Amino acid sequence: MVKVLVCVAWPYANAPIHLGHVAGSLLPPDIFSKYQRLHGNEVLMVSGSDQHGTPITVKAEKEGVTPEVIAERYHEINKKAIEGLDIEFSLFTKTHTENHFEVVTDMFMTLRDHGFLYKKGTLQYYCPKCEKFLPDRYVEGTCPSCGNEKARGDQCERCGKAFEGGEMVNAVCVHCSTAPELRETEHYFLKLTAFQDRLIDWISGKEEWKSSVKLFTKNWLEAGLADRPITRDMSWGVPVPLPGWEDKVIYVWFDAVIGYLSASKEWAKRTGRPDAWKEYWADPSVKGYYFLGKDNIPFHTIIWPAMLMGYGGLNLPYDVPANEFLTFKGDKLSKSRGNSIDIPSLLKSYQVDALRYYLAVNMPENKDSEFTWEDFETKINNELVATLGNFYHRVLSFTFKHFGEVPIYHGTEAQRREVMEAIEKARAEVDENLQKCEFKRGLKAIMDLAQFGNRYFDSVGPWALIKKDREQCGSVLYLNLQLVQALAVMSYPFLPRSSEGAWKLLGHQEGMLNKGWDNFAVPLPEGQKLLEPKPLFSKIVVEKEDPDAAFRGFESLNLKVGRIIDVQNHPNADSLLLMQVDIGRKVQIVAGLKAYFTPEELKGRKVVVVSNLKPAKLRGYESQGMLLAAESGDLVTLLMPPADAEPGDQVSSGMTPSEKQIEFKDFQKLTLKIGEVQEDGGIDVGRKLRCRCPPGLGRSKVPVFLPSPEANECLAFFTEKGSFITADERLPNGATVR
RNA sequence: AGCGGGGUGGGGUAGCCAGGACAUCCCGUCGGGCUCAUAACCCGGAGACCGGUCGUUCAAAUCGACCCCCCGCUACCA
């Protein structure tokens with residue numbers, strides 16, 4: 001019996017967790033821990049909600065509530081979702097607790113005593129009336145560079161100039177409009193640079209780490225570490241435990257990783273053995289596993305180890321089996337089909353084990369994987385139900401019907417050995433892979449055994465034997481039941497419900513966990529009464545796709561007719577133009593068109609604008625949309641709205657454009673091309689496509705939307721008045737629009 | 001554009017770090033079998049010149065160079 005520490009990345013408490021969290025960082029440690037417990041090992045598995053930091057205060061301000069309200073709300077939601085998925089923590093706590101504050105304080109003070117923290121002063125705005133330092137986003141003033149009167153503390157949103165302390169003109173506090181004064185404020189910094197060499201040494205010994213994790217860490221270390229500030233001027237967080245620092249808190253990234261330790265201590269207190277945590281942290285033979293997504297790697301392979309080195313006496317991570325991401329391209333479609341991807345509604349529609357199976361079999365262990373409803377449906381129905389579920393059920397129901405109990409075994413040892421060897425082979429493979437945190441392979445070994453079971457059942461043909469030789473039939477069923485038992489035990493880490501279900505149907509009184517991992521090889525007690533079996537898994541039906549689904553992607557774009565009012569050169573970039581465009585309201589757009597147009601050519605032109613693009617700063621100036629242009633080699637032309645179009649007209653193409661903002665990268669995924677209208681109403685974009693458009697298109701070049709790059713159908717652009725957007729006749733068919 | 005990861009039969013994947021005999025497995029597909037089982041199960045077939053080009057080697061999916069495409073982060077991408 002050994003002890004194992006399992007640490008799970010702390011979900012941030014400003015939103016509900018989604019399937020990506022589950023597949024990436026929650027399910028893997030649960031499988032691992034269940035496996036370890038089945039082996040009789042003692043597992044301490046901890047995590048909790050990461051509740052501090054600015055995103056939570058911002059959300060709280062928006063809703064007009066305190067940060068606690070937000071942090072607690074999502075803590076509860078997420079805790080429930082995790083429990084619903086049968087993921088069992090020793091403790092799933094949160095960071096806004098007295099215990100956590102104490103542990104963070106201890107870490108802070110110890111690192112400070114050991115000389116790994118130092119103070120550094122910076123100039124920052126201070127409001128004399130509110131009597132506090134103002135975080136950057138709480139200061140407004142006039143930008144000295146572009147004259148924008150609504151510039152914020154650190155940077156002007158219009159021209160993007162970054163301010164040094166005090167550069168902004170007429171700064172005011174956004175709360176009370178008092179002019180703030182500049183004061184020197186101090187912050188603590190973690191001396192990461194001091195650990196660089198030790199970390200490099202430590203990493204080099206990590207043969208068992210995934211190559212991606214190790215390589216990423218190595219590159220980061222070789223690029224050189226920088227000391228990082230670990231305190232901030234705000235009030236939501238862990239207070240800095242020093243006199244005179246009452247208005248500051250510990251930076252969230254510093255406090256959150258300490259959660260592993262504080263949760264372990266909290267767990268120990270709760271179990272009534274306050275020192276029990278040391279068994280997992282101070283005994284060098286105990287391995288600590290940290291499960292997280294790839295975005296979190298440096299915190300667990302560099303920063304947290306550095307903190308632990310600086311603190312002293314505690315174990316560093318043994319393995320960090322970080323996963324990639326589970327993505328959902330079908331997310332939008334899923335909503336239109338009445339399927340939602342959030343966990344509570346998934347749990348309402350599908351069995352927990354079905355979800356766990358799909359997420360495990362599709363786990364992003366080595367590269368991003370994608371959740372699709374179609375794949376979900378086929379994997380559940382054709383693998384989980386058809387292979388494993390069917391084997392359980394055909395064996396249990398046939399035996400129950402004809403014997404009602406575990407039959408007596410009259411067969412030969414050779415016959416028994418054939419089955420036991422298959423079981424042993426699967427056992428060895430599952431052991432080998434789960435110990436290395438290779439979950440997909442482990443699951444595959446289980447499914448292979450289920451397949452062996454089906455083959456075996458077929459080969460011995462109990463349905464024929466029962467008519468000829470009841471005794472012999474009982475013997476082969478006995479061996480099949482033995483396989484069922486082995487599968488039940490082995491699959492427990494992945495599929496705990498059905499596993500225990502099968503275990504009970506075999507008539508066992510004692511719980512599986514008590515019996516433990518090795519028990520699946522033990523002979524079943526002959527004569528043990530079976531329970532009446534019912535199928536452990538059911539097939540699922542995912543609703544049919546909506547016929548318009550192909551064009552839903554177009555709805556994510558909110559296109560409007562605009563008129564360019566003013567154009568200036570971007571003061572700070574070679575290729576960018578800065579323009580004001582009327583799209584019913586006035587927006588500023590930054591476009592990389594300087595090489596193709598002069599400001600005079602553009603002024604006054606009607607254009608097509610993506611109006612719901614998420615604003616972004618380009619070389620400092622905010623761009624609140626984008627002009628659609630077609631390009632082919634050196635030829636770049638703007639799309640042309642029809643004569644009757646007015647600024648603000650919707651280019652809806654008969655769909656319902658979304659009001660939601662679209663990320664630029666998502667916009668880039670859409671396929672927009674130039675095509676030529678054919679006699680028969682089709683459109684040639686280099687190859688011929690059917691066009692989903694109303695009549696009235698002349699023979700001309702037009703922009704079209706394709707549901708996918710390979711689609712054979714497209715949608716032309718037309719306004720709410722029904723007139724078409726066109727494009728320059730010189731463009732070749734298939735030119736791209738962006 | 002820079003950095004990292006990836007491109008393997010229709011879809012999804014293993015193998016690649018430690019090159020070598022028929023390129024793995026799942027799904028789908030085609031043909032057959034069975035009828036205990038949730039039209040589930042079992043057997044067999046078809047289907048891949050392992051993104052492209054060039055190189056190293058007796059031998060490359062596996063090593064190297066260059067190029068193309070996808071994904072993530074970063075950026076004077078809008």
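Chain letters run A, B, ... following the sequence lines, proteins first and then strands; every chain starts at 1. These numbers come from a predicted model, not from an experiment.
Counting non-hydrogen atoms under 4.0 angstrom, A:Leu577 reaches nothing in the nucleic acid. Within the 4.0 angstrom heavy-atom criterion, base atoms lie near A:Phe537. Using a 4.0 Å heavy-atom criterion, one finds that A:Glu324 contacts no nucleic acid atom at all. Base engagement by A:Pro535 is indicated by at least one non-hydrogen atom pair under 4.0 Å involving a base atom. Across all strands, A:Asn454 comes closer than 4.0 Å only to sugar-phosphate atoms, never to a base (heavy-atom distances). Using a 4.0 Å heavy-atom criterion, one finds that A:Lys444 contacts the sugar-phosphate atoms exclusively.
For A:Lys534, the NZ atom sits in a loose shell: 12 or fewer heavy atoms of surrounding residues, nucleotides or ligands are nearer than 6.0 Å.
For the C1' atoms, the distance from B:C63 to B:G44 is 38 Å, rounded to whole Å. Between the C1' atoms of B:G15 and B:G31, the separation comes to 30 Å (whole Å).
Salt bridge status for A:Lys379 with A:Asp375: present, with a side-chain N to carboxylate O gap under 4.0 Å. Taking 4.0 Å as the cut-off between side-chain N and carboxylate O, A:Lys440 and A:Glu365 do not count as a salt-bridged pair. We find that A:Lys436 and A:Asp431 are not joined by a salt bridge, their nearest charged nitrogen and carboxylate oxygen being 4.0 Å or further apart.
OP1 or OP2 of B:G15 lies within a sub-4.0 Å distance of a side-chain N or O belonging to A:Arg441. Taking side-chain N and O atoms only, A:Asn382 has no distance below 4.0 Å to OP1 or OP2 of B:C26. For A:Gln624, no side-chain nitrogen or oxygen approaches OP1 or OP2 of B:A78 to under 4.0 Å.
Judged purely by atom type and a 3.5 angstrom limit, A:Gln624 has no side-chain atom pairing as donor or acceptor with the backbone of A:Ser611.
Comparing atom distances between the A:Asp458 side chain and each of B:C36, B:A40, B:A78 picks out B:C36 as nearest. The nucleotide whose nearest atom lies closest to any side-chain atom of A:Trp463 is, among B:A78, B:C36, B:C43, B:C36. Each of B:A40, B:C42, B:A37 was ranked by its minimum atom distance to the side chain of A:Ala386; first place goes to B:A40. Listed nucleotides: B:A78, B:C36, B:C27. Nearest to the side chain of A:Phe398: B:C36.
Closest-nucleotide positions on RNA chain B for A:Gly389 and A:Thr378 were compared, and the one nearer the 5' end corresponds to A:Thr378. In this structure, A:Lys467 and A:Ala450 both approach RNA chain B, and ranking their closest nucleotides by distance from the 5' end singles out A:Lys467.
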